[in-house]
Amino acid sequence: MEKLFEDLNSAQIEAVKTTEGPVMAIAGAGSGKTRVLTRRMAHLIFNLGVDPDRILAITFTNKAATEMKDRIVALHQVPRRAMWVSTFHSMCARILREHIDKLGYDKHFQILDDDDTTQMIKVLLKTLNIDAKMFKPRSLKNYLMDLKSDPEAIEDYEDPLKGVLKQLLPLYQRQLKDSNLVDFEDLLLLTIELLKTHRVVRSYYQSLFQYVMVDEFQDTNDVQYRLVKLLVNKNENIFIVGDEDQSIYAFRGANIANIRKFENDYPKVKRILLEQNYRSTNTILKAANNVISSNKHRIVKNLYSTHGDGDPIVFFKGYTYRDETEYVSETIRRLTHQGYRYEDIAVLYRANATSRPFEDTFLQKNIPYQVVGNLSFFKRKEIKDMVAYMRLIINPDDNYSFRRIVNEPRRGIGNKTLDRLSAFSAEEDESMFALIDHKDNPLGNAAIGKLKLFKQMVLSLREAIEQLDFNTFMDLIIEKTGYKDMLQFDDMGAVRYENILELKTMLQENERAFKDADKIEVLTYVLEDIALKSQEDETKDSNVVTLMTLHGAKGLEFRAVFVVACEQGMFPLFRSMESTKALEEERRLMYVGMTRAKEKLFITNAKQRQLYGSPVMHTDSQFITEIGPDYLKLEGLNKAVSQSFSQSARPRKPVMETVENALQKGDKIEHKTFGRGVVINVVKEQCVIAFGKEYGIKTLLKDHAALKKV
DNA sequence: CACCGGTTTATTTTT
DNA sequence: TAAACCGGTG
């Protein structure tokens with residue numbers, strides 16, 4: 001049993017062995033945080049005899065949860081299902097599935113993902129006669145979610161937005177409940193409500209979870225913090241791990257201050273610092289440290305590594321993005337000749353769209369790759385449609401799914417009809433599906449006829465489910481709904497059909513896992529899984545280069561890492577350049593990116609990049625400057641034009657200077673009505689300016705009178 | 001109601 | 001650039 005500790009350093013051992021009372025581990029990048037968590041869990045189970053299901057371990061992503069479970073299972077024989085190792089959201093779903101009836105929902109509730117929520121808001125805006133141009137559904141969604149966790153905050157908004165939100169929120173919430181749906185925020189909030197209002201349930205879970213661990217604590221938001229507090233019992237056996245330098249989810253409400261708050265709320269807390277880095281070379285660590293040290297207000301850590309200095313970081317600058325993708329491809333080729341495998345290499349970028357040109361080049365050069373997280377499998381239209389069919393079959397009250405597929409494939413049921421039926425549904429307080437053959441419904445006979453046929457079909461599928469295995473059941477769905485026929489006329493039909501087959505496989509796997517369970521229960525569970533795992537994590541393609549966002553890379557490591565498109569405006573993003581807070585978060589993102597690399601780090605960019613379809617000139621990311629010249633080896637344009645660090649050395653074209661002296665990219669401006677903004681592009685007489693949230697991005701005449709440089 | 005084609009518009013990160 | 005949106009026609 002001492003094996004559990006033999007490859008740990010003393011700080012790590014302390015973190016593993018201190019099981020009683022509140023503990024906070026400040027874990028720098030690459031300090032073996034996951035190892036500590038896993039060992040701690042193993043220590044509890046095997047040395048101290050704690051039941052696996054009495055430990056609650058919260059991770060940030062499904063990927064992390066799966067990995068942790070794998071490690072424990074591999075280490076010792078513990079049944080997977082017994083463990084409470086999950087994300088906040090899936091933990092909540094698991095609790096609610098058991099108890100949600102106490103809050104007036106049905107236990108077959110389904111989970112609405114973000115896209116669904118936005119769609120729903122769009123429809124609601126229409127019924128409220130609110131112009132979706134003035135109030136973007138996407139940003140309304142964000143406001144709405146914020147408001148749900150903090151209803152008081154409504155007073156902080158100003159009319160007309162305030163008025164819109166006041167109308168929208170109750171309507172949205174009622175629709176959800178009527179359809180027996182919950183959104184991501186509800187999962188957390190309803191669980192809190194449940195625990196607060198039901199003493200018995202609360203004390204059950206509090207005594208069940210003898211030990212609670214929370215990973216990536218710097219990324220918890222206030223609601224999640226509240227939830228953790230509710231689950232921890234008076235023994236206060238809570239262990240949190242975090243690193244404020246890696247907090248990159250403020251946009252989702254993550255609150256770094258929660259780390260400090262934790263120290264206040266649990267005064268007996270023991271603080272452990274994990275400073276030894278097992279991952280990167282000292283060059284990489286020092287460079288990353290140079291970058292992050294520009295952030296104010298942080299606990300200064302002293303990361304060190306025993307891996308030596310290693311190679312310098314390469315900074316390649318290309319003229320166009322083509323140069324950049326070429327360079328990355330060639331370098332990958334070279335690395336593979338030096339013994340690197342494709343799976344040792346990652347290409348990281350700020351925004352998903354950046355992956356495109358890299359994919360093109362890799363394809364052309366036969367470099368095997370995998371893009372993580374872009375259009376996830378479960379977000380594809382055909383999959384969403386199939387899911388909607390299954391949801392409606394399980395739960396006919398689900399107006400949202402009803403609307404999605406009632407005319408997919410085309411059944412001659414148009415928007416007019418649906419709007420009427422929807423309004424009627426609101427009046428009668430019954431689902432659209434149920435009201436189809438209501439005697440007073442305000443629809444034409446033709447429409448009623450078509451709707452009745454649809455209803456018949458859904459009901460017959462509902463009857464079929466208990467008798468059939470999932471394989472036959474899915475076949476029946478695509479057959480009866482006409483979906484299969486529709487695909488034959490679709491250019492993408494074959495691919496879409498393939499995807500549906502994949503979904504079928506997934507259902508069958510679950511069928512096998514829960515042999516004796518009721519079909520509807522299993523299906524409910526699978527649909528929940530799909531909603532929570534919109535970020536597919538089972539793409540375990542072997543030996544391929546990984547392309548992903550910097551956010552997606554959190555918690556991972558690679559022997560060689562490329563951080564690409566490092567230009568002012570791309571990374572950090574234009575929008576983030578206005579406020580220090582946003583800029584500091586971008587900087588942490590850079591820190592996370594750099595510290596993913598074990599041996600080799602490449603930072604690349606291009607002077608000119610295609611943006612919104614037209615070429616735009618960019619300067620180097622300020623983060624490159626922040627690394628400082630000592631750790632960088634220059635390649636590409638850098639070499640020819642000498643260093644980008646001495647501004648004066650760079651020759652300028654005087655012609656452009658005079659033409660464009662009025663406004664330039666990156667200038668901060670003030671507009672009479674739109675307020676402050678940043679110029680993100682200048683094309684001839686026009687310029688594109690990013691204003692604050694309310695106004696978004698606007699294209700204006702460059703020398704407009706309302707514009708003023710600040 | 002479905003379909004076509006022209007026009008506008010938006011570009012961050014994720015459970 | 002590409003996807004979403006709009007408005008007119010069959």
Side-chain angles (χ1 to χ4, degrees), chain A residues 58-65 86-93 111-115 117-119 122 126 131-133 136-139 141-142 145 182-188 216 219-221 223-224 247-254 348-354 356-357 372-376 378-379 381 407 409-418 444 446-447 450 528-529 531-537 548-554 565 569-577 582 585-586 588-589 592-593 609-616 680-681 688 690 693 695-699:
Chain A
I58 307 223
T59 60
F60 194 70
T61 60
N62 291 302
K63 199 163 54 193
S86 64
T87 62
F88 273 107
H89 291 86
S90 37
M91 170 196 73
C92 289
I111 300 160
L112 224 52
D113 71 22
D114 258 10
D115 292 339
T117 303
T118 313
Q119 280 304 118
K122 222 184 267 175
K126 228 181 251 169
D131 186 5
K133 287 241 174 63
K136 307 274 157 54
R138 236 198 116 66
S139 52
K141 184 213 79 195
N142 291 331
M145 292 302 199
V182 303
D183 60 27
F184 281 152
E185 212 58 38
D186 281 334
L187 284 172
L188 304 171
E216 308 279 11
D219 282 321
T220 53
N221 62 31
V223 175
Q224 291 165 337
S247 166
I248 53 177
Y249 282 93
F251 70 92
R252 219 173 74 190
L348 309 181
Y349 36 79
R350 176 65 240 259
N352 275 310
T354 313
R356 260 317 241 311
V372 177
N374 220 357
L375 220 213
S376 106
F378 300 113
K379 287 203 166 135
K381 182 184 177 308
N407 200 32
R410 300 260 133 91
R411 298 187 177 92
I413 302 164
N415 272 325
K416 270 260 150 49
T417 306
L418 292 175
K450 292 174 196 162
E528 169 188 313
D529 216 38
L532 292 175
K533 277 195 189 152
S534 41
Q535 189 77 11
E536 75 193 295
D537 43 34
M548 64 176 139
T549 63
L550 289 147
H551 282 88
K554 185 155 99 157
M570 300 297 293
F571 185 31
L573 280 169
F574 287 115
R575 283 166 162 268
S576 313
M577 288 159 61
E585 176 135 327
E586 297 281 305
R588 290 193 291 270
L589 206 48
V592 168
R609 183 173 300 278
Q610 300 296 117
L611 210 59
Y612 334 126
S614 50
V616 180
I680 59 179
N681 195 10
V688 185
K693 258 195 187 142
Y695 301 107
I697 295 189
K698 303 250 180 249
T699 305

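Per chain, numbering begins at 1; letters A, B, ... match sequence-line order. Reckoned from all heavy atoms, side chains included, excluding hydrogens, waters and symmetry mates.
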Any N/O pairs under 3.5 Å between the protein and nucleotides 3-6 of chain C? List them or say none.
unit_1 : atom_1 : unit_2 : atom_2 : d
C/dC5  : OP1    : A/K122 : NZ     : 3.4

From CG of A/D114 across to C1' of B/dT13 the rounded distance in Å is 12 Å
What is the separation between atom NE2 on A/H551 and atom P on B/dT14, rounded to the nearest whole Å? 7 Å
Among residues at least two apart in sequence or on other chains, which ones pass side-chain hydrogen bond (donor to acceptor under 3.5 Å, both in side chains) with A/Q224? none
I'd like to check the side-chain contact (heavy atoms from CB on, under 4.5 Å) partners of A/L418; sequence neighbours left out, ordered by chain and number. A/F402, A/R403, A/V406, A/I413, A/M432
Would you check if the side chain of A/N407 reaches a backbone N or O of A/G412 as a donor-acceptor pair within less than 3.5 Å? yes
What string of B, S and - do you get for nucleotides 1-6 of chain B 5' to 3' if you count protein non-hydrogen atoms under 4.0 Å? SSS---
Hey, does the side-chain of A/R350 have a donor or acceptor N/O within less than 3.5 Å of a partner on the base of B/dT13? yes
Just how far, in rounded Å, is C1' of B/dT13 from CG of A/N352? 8 Å
Taking any heavy-atom pair under 4.0 Å as a contact, classify A/Y249: base, sugar-phosphate, or nothing. sugar-phosphate
Sequence neighbours excluded, the answer for side-chain hydrogen bond (donor to acceptor under 3.5 Å, both in side chains) partners of A/S90 is A/T87
Out of B/dT14, B/dT15, B/dA10, which has the shortest distance to the side chain of A/F251? B/dT14
Between A/L611 (CG) and B/dT11 (P), how many Å, whole number? 12 Å
Any donor-acceptor pair under 3.5 Å from A/H89 side chain to A/L187 backbone: no
With distance as the sole test, does A/R350 use its side chain to make a donor-acceptor pair with the main-chain N or O of A/M570 at under 3.5 Å? no
Approximate separation, where rounding is to 0.5 Å, of A/N352 CG and A/M548 CE: 11.5 Å
Check whether any side-chain N or O of A/N142 sits under 3.5 Å from a backbone N or O of A/S139 as a donor-acceptor pair, and report yes or no. no
Would you indicate which nucleotide in B/dT15, B/dT13, B/dT12 comes nearest to any side-chain atom of A/R575? B/dT12
Taking side-chain hydrogen bond (donor to acceptor under 3.5 Å, both in side chains) as the definition, give me every residue that meets it alongside A/K141, ordered by chain and number, with sequence neighbours left out. A/D114
